[in-house]
Amino acid sequence: MTTKQAPSTLQKMGLDSPMALALHLPSRYEDETELFTIEEALNQGRFSSIQTQGIVIRNQVLFRPRRQMLVTIEDETATLQLRFLNFYPSQQKQMAVGAHIRVRGEVREGFQGPEIVHPTVRGVAADAPLPTSLTPVYPASAGVSQAVIRKAVVQALRDPSLQDSLAEFLPKKLMTELLPGNNWLSLQSAISYLHQPPSDANTQALLERTDPAWRRVQFEELLAQQISLKRAHAIRRERHAPSFAKPSKEKSLEANLIKALPFTLTGAQARVWSEISHDLEKSFPMNRLLQGDVGSGKTVVAALAAARVIDHGYQAAVMAPTEILAEQHYLKMKEWFEPLGVRIAWLSGSLKAKEKRLSQEMIESGQAQLIIGTHALIQESVSFSKLGLAVIDEQHRFGVRQRLEIQQRLGSELFYCHQLMMSATPIPRTLAMTYYADLDVSVIDELPPGRKPITTKVVKASRRDEVIGGLQSWLSKGLQAYWVCPLIEESEALQLQTAVESYEQLTQALPNFKVGLVHGRLKAEEKAAVMAAFKANEIQLLVATTVIEVGVDVPNAALMVIEHAERFGYAQIHQLRGRVGRGSADSVCILMYAEPLSMAAKERLQTLREVSDGFVIAERDLSLRGPGELLGAKQSGDGMLRFVDLQRDAWLIELAQQAAERLLAEHADLVERHLERWLGSRAEFLKA
Ligand code: ADP
Ligand code: MG
C-alpha cells in the first residue's frame, strides 16, 4: 500500500490499491501554473480565479457582525484583503504576520474594497516553483484533504504494479478498424494525462469530459459493461426453462380467454403477444420487457402469457410493487380467469397470518395456478410447486435490493422460469443499450381504440375556487374525477395542502356528490373498499395521495386535478394522468401549482402540458435526473458507469458494443481481464 498518510479514510473511499487510485479521476482542475502580482490580480481577476502571493502584514479576528478573520497581504505592487468566515487555529498560524503565502481565488468588490473570500492558501517561499501541470481536484469525502489524495495518487501512478494493471490489451487492429483516423491514446497515457494535464491542456474539454483522454477511459468502461451484458445474454441461453408450445386445440385456456374478452386485441397487443409466445416456446428462460404507455393494455398480454403456462400445467405469478397495484391485477385477473375455472391465490404482506398460510399452502401444493401479489411472493417462506412464468409489473419501482432478490430467486440454479417485466416508463434507447442489453424489448405503441387525447392545463393554486366550480359541472354530467394531493401529513414548512383538508373542503363544496379519500395510511381492506366504491360510481370524486399512481383503472373518471403539481417529477405526473383518458369522454388533467415556481418546475409543467408522448418525457427525465434514479437504482449509491454520461457519450456506446462483440469472438482470452479491471464487485448490480 502506498497510502501511509491516512490509510483508513482513503480505504473507506475504496481507494485501497494503486489501480483504484489511478481510476479515481479528477472532477475538475485548478490552474496554478500562472502567478500574478497583486496589482495585476486586482486589475484583471474579477471574474475568475487567479493566483497571487505576498507577505502577511495584518491578521485580525473580528467578532462582529460575526466571527471572521481578515488577513492583508502585500507585495511590491499593492495590498489585498482576504476574508475567512470560517477558520481553524492552524490557519491563523499559517497566516501570521510576516508569513509568505500564495493564494488563489476570485477577487471581488467587498465593503472595504477588493478582497478574496476564502482563498486557497499555501505557505511557500516567494520563489517556490510553480507547478507545470494543472492541479487536479478530486472527488473527496469529509475528512480527506485534497493534499492527501493528490499525494496518494502521485505515488500510485509511480507504482510498478500499475504498468501491469493498465497494460494495453485491446488489439491495435481492432481499434484502428473500429475507429479509423482516430488517434487513440494508450490507456496508461490517458490516465496520466487526466491526473496531471499539462498547463496548455484544453481545460474546457477536460471539464466537459470530452477530451480524447476522457474518451479513452469512457470507451474502456463502456466496453466492460457491454461485455458483461453480452455474457449475461449468452449465459441465459444456456440455462434451461420449461418450453410452452402453442396449444393446438381450440379449447385451450388461451383461446378461451381471447374469446371471453370484451374487446379484441389491438394490432400492437397482438404483435407483442406473438413475440412473447415465441419466447415461451423456447427452452431457455425468457427475459423480456413489455413496454407500453399507461393505458396501452399490458395486463391482458400478461394474462395471455399466464394462460399459456397454466395450460401446460405450470404456475404463473404476477408481482407488483405496491399493494394497490397488485390488487388491481388480482381483481382484473379474477374477472377474466375465474369463469374459466382457474384457481387464483392472493398473497401480500398485509394478509393475516392464517390467510397467508392458506395462500402459501395453495401455492406449494400446486393447487393455485395463478398467483398474484406484492414483493411478499418472493419471500423465503413461499415455495412454488411448479413456477413457469413470473410477471413483474413496474419493476423499476421495486427497490434495488428487492430487484436483486427477485433475480436471485427466479434465476436460482435449481429452476429458471420465464420472466416478463412490464413498464409504463419508457426506457430511452441509450439506457436500454447500456443497462439492458440482455433484455428483449416489446413495445405496445398503440392505445386501444376510442381513447381521446388528454388535455393538460396548468393553473395557479389561487384559482382553486374556479377549479372546484369546473369540477362541479363535470360531476353533474355523470362523470367522475380524481383529486390528487402530494402528501398526507401536515407539513407547514412545505405549505402542502393535506389530503384530509382537501377532502373536507371538497366534501363541503360538493354537497350533491359523494367524495372519497384514499391514502397510504389506510389498511389494505379499507383502500380496497374505497377503490371498489369508486369503481362502482358510489363515489364520484376520489381524493387521493399518490397511492393511485399506477394501475388504477376507472374509465368513467376522465378528469384529474393534481395539487402542488410542481412537487411531482415528470414520470409521476405522466403516470398519474394516464389514469384518465380511458373512457370515451374527453379527458382533462389540471396541474395546479403553488408559487413561487422554480425554473425547473416551470419547464417541467410546460413540457407536460405540451407533450403526451411518454418517450419524449422519459428522455427529458433522463437528462435531468440521470439513469440511476430512473431505474430505481438510487438507493444503491453505486453508479454503474463512473465516467460515462449517457446523453453526452451516446455515440461511444455503439462503438463499445461493436468492440465487445469482436473482442468476445476474436479475443476471448482478454475479456476476463478487462472485466476485472473495470467492474470488479460492481458487476452484480448490472443484473438488477
Ligand atoms: P396498462 O398498460 O396501463 O397496464 P391496462 O392493461 O390496465 O393498461 O389497460 C387499460 C384499459 O384498457 C383496461 O381497462 C383494459 O381492459 C383496456 N383494454 C386493454 N386492451 C384493450 C383493447 N384491445 N381494446 C379495448 N380496451 C382495452
Ligand atoms: Mg398496468
Side-chain angles (χ1 to χ4, degrees), residues 254 257-274 276 288-307 317-337 339 372-374 391-398 420-427 441-454 480 482 531-532 534-537 546-558 560 571-585 587 589 612-615 617-618:
E254 197 179 319
L257 175 60
I258 290 182
K259 261 183 249 153
L261 286 176
F263 49 77
T264 49
L265 297 185
T266 61
Q269 282 170 322
R271 187 189 69 239
V272 300
W273 165 231
S274 89
I276 291 165
R288 188 171 284 277
L289 174 69
L290 176 56
Q291 229 172 260
D293 215 341
V294 250
S296 61
K298 297 181 287 293
T299 319
V300 67
V301 178
L304 286 167
V318 179
M319 193 167 19
T322 67
E323 184 109 14
I324 283 244
L325 182 50
E327 216 167 77
Q328 290 271 330
H329 283 309
Y330 178 56
L331 296 175
K332 196 107 221 179
M333 296 287 181
K334 231 162 90 165
E335 189 185 311
W336 286 334
F337 278 111
I372 296 169
T374 58
V391 178
I392 302 157
D393 200 9
E394 298 296 342
Q395 77 118 24
H396 65 283
R397 290 173 44 111
F398 285 98
L420 179 65
M421 267 79 68
M422 302 198 290
S423 177
T425 305
I427 295 169
V441 180
S442 292
V443 182
I444 305 185
D445 51 7
E446 177 190 353
L447 293 178
R451 293 281 166 83
K452 297 270 177 66
I454 304 163
Q480 291 167 276
Y482 298 97
M531 295 311 297
F534 187 57
K535 195 150 193 172
N537 200 357
T546 49
V547 290
I548 61 156
E549 190 176 333
V550 278
V552 177
D553 185 26
V554 180
N556 192 45
M560 175 176 285
Q572 270 179 317
I573 289 194
H574 184 64
Q575 295 231 328
L576 275 170
R577 75 178 167 189
R579 301 305 116 214
V580 297
R582 296 193 161 205
S584 47
S587 297
C589 176
S612 60
D613 185 332
F615 275 89
I617 289 171

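Whatever order the structure lists them in is the order used to number ligands and atoms, beginning at 1.
- Near Leu265, the atoms of ligand 1 lying under 4.0 angstrom from a non-hydrogen atom of the residue are 23 (N).
- Between His574 and Asp293 there is a side-chain heavy-atom pair separated by less than 4.5 Å.
- Put simply, the side chain of Glu446 never gets that close to the backbone of Thr266: no donor and acceptor are under 3.5 Å apart.
- Within the structure, the closest approach of Lys332 to ligand 1 falls below 4.0 Å when heavy atoms are considered.
- For Met422, no heavy-atom contact with ligand 1 is shorter than 4.0 Å.
- Side-chain N or O atoms of Arg271 include none that pairs as donor or acceptor with a backbone N or O of Ser442 at under 3.5 Å.
- Looking at Gly297, Ala268, Gly267, Pro449, it is Gly297 that brings a heavy atom closest to atom 8 (O) of ligand 1.
- With sequence neighbours left out, Tyr330 forms a ring-ring contact (aromatic ring centres under 6.0 Å, His included) with Trp346.
- Residues forming a salt bridge (Lys or Arg N to Asp or Glu O under 4.0 Å) with Lys535 (at least two apart in sequence, or on another chain): none.
- For Gly295, the closest heavy-atom approach to ligand 1 falls below 4.0 Å.
- Within ligand 1, counting atoms from 1 as listed, the ones closer than 4.0 Å to a heavy atom of Thr299 are 4 (O), 5 (P), 6 (O), 7 (O).
- Inclusion of Gln269 in the set of residues having an N or O under 3.5 Å from an N or O of ligand 1 is warranted.
- Residues Ala558 and Ala585 share a closest heavy-atom pair of CB-CB, 4.2 Å.
- Residue contact check: Thr266 has heavy atoms under 4.0 Å from atoms 23 (N) of ligand 1.
- Shown in contact with Thr264 at under 4.0 Å from a heavy atom are these atoms of ligand 1, numbered in order with element: 22 (C), 23 (N), 24 (N).
- The closest donor-acceptor contact from the side chain of Glu394 to the backbone of Ala424 lies under 3.5 Å.
- For the pair Ser296 and ligand 1, a heavy-atom separation below 4.0 Å is found.
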